[in-house]
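Have a look at the structure below, then the notes.
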Amino acid sequence: MDGNGRWARIRGKLRIIGHQAGFSAVRRAVHFAVNYRFDALTLYAFSSENWKRPDKEINSLMQLFDQALNNEIDVLHKNNIKLQIIGDTNRFTIELQKNIRRSEKLTSKNSGLKLNIAANYGGRWDIVQGVKQLAIQVQKGILNPNQIDEDTLCRYVCMHELAPVDLVIRTGGEHRISNFLLWQIAYAELFFTDVLWPDFNDITFKRALNTFMKRERRFGNSVSI
Ligand code: IPE
Ligand code: MG
């Protein structure tokens, strides 16, 4: 979800105003995903690299995250949405960690949209935490290193219980993955748009879906004629 800062700058406003507008776009996107019966929607809210930003901006982002959980969790729950936060949450304050666990627990049995928020997430971190879990099993003698293959590691990366990712949308004009899901997007379609995240709306979302539907997904197979 890139482009909040630029959206604010164009309007002569503080970056946090851009993040607030970005939050409104999140609500719209979740609404869209529910209406269109998505199985899952994963939003990259805060990367492992975002800690490099000024303290003031980090604090306001954390505050926004905490408030969003407080204000939205009941609505999410009423809409049968299952919320999951992916990422290394240990670095957040104890209060925020509690809030996250509480929100996940409340919605854990819901069968509707799986809404995943990536917070202090990094694709490389994700793979490393999976490898660590495998290493522990090897150490305990439960797992033989020769048995390790792609399917083994697949079961330990975030969102392993969900279907593979179909489509990645990056807003804000950048044409890179920036350490978002790495393992999970091996065969995902990529859609890049110059639209700044706070401007992302149903029209942009539909454009991304239309592009996706026109693509032929071969998963390594040959071109069909
Ligand atoms: C939002 O956009 C991403 C978050 C970390 C919340 P940016 O804050 O990266 O916006 P730009 O790239 O400066 O426009
Ligand atoms: Mg950015």
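Both ligands and their constituent atoms are indexed starting at 1 by order of listing. Nothing here was measured: the structure is a model prediction, and the numbers come from that model.
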From CA spacing to verdict: side-chain contact (heavy atoms from CB on, under 4.5 Å), Gln97, Asn90: CA-CA 7 Å; Gln97 289 185 48; Asn90 289 323; 4.0 Å; yes
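A distance-only check finds no donor-acceptor pair linking the side chain of Arg91 to the backbone of Ser48 [under 3.5 Å]. Without hydrogens or angle criteria, Gln147 side chain to Asn144 main chain gives a donor-acceptor distance under 3.5 Å. Between the side chain of Thr171 and the backbone N or O of Asp2 there is at least one donor-acceptor pair closer than 3.5 Å.
The distance criterion of under 3.5 Å between nitrogen or oxygen atoms is not met by Phe46 with respect to ligand 1. Residue-to-ligand polar distances keep Ala45 apart from ligand 1: every N/O pair is separated by 3.5 Å or more. On a distance-only criterion, Arg53 and ligand 1 share at least one N/O pair closer than 3.5 Å.
At a heavy-atom cutoff of 4.0 Å, ligand 1 is contacted by the side chain of Asn50 but not by its backbone.
Ligand 1 does not have Gly172 within reach: every non-hydrogen atom of the residue lies 4.0 Å or more from it.
For atom 1 (C) of ligand 1, the nearest non-hydrogen atom from the set Arg15, Arg9, Met1, Arg6 belongs to Met1.
Taking every heavy atom of Gly5 and a limit of under 4.0 angstrom, the matching atoms of ligand 1 come to 7 (P), 8 (O), 10 (O), 11 (P), 13 (O), 14 (O).
Side-chain contact annotation: Asn99 with Arg102, donor-acceptor N/O pair under 3.5 Å present.
In this structure, Tyr121 and Trp125 have perpendicular ring planes: the angle between them is above 60°, well past the 30° mark.
Under 2.8 Å from the Mg ion (ligand 2) lies an N/O/S atom of Asp2, whether from backbone or side chain.
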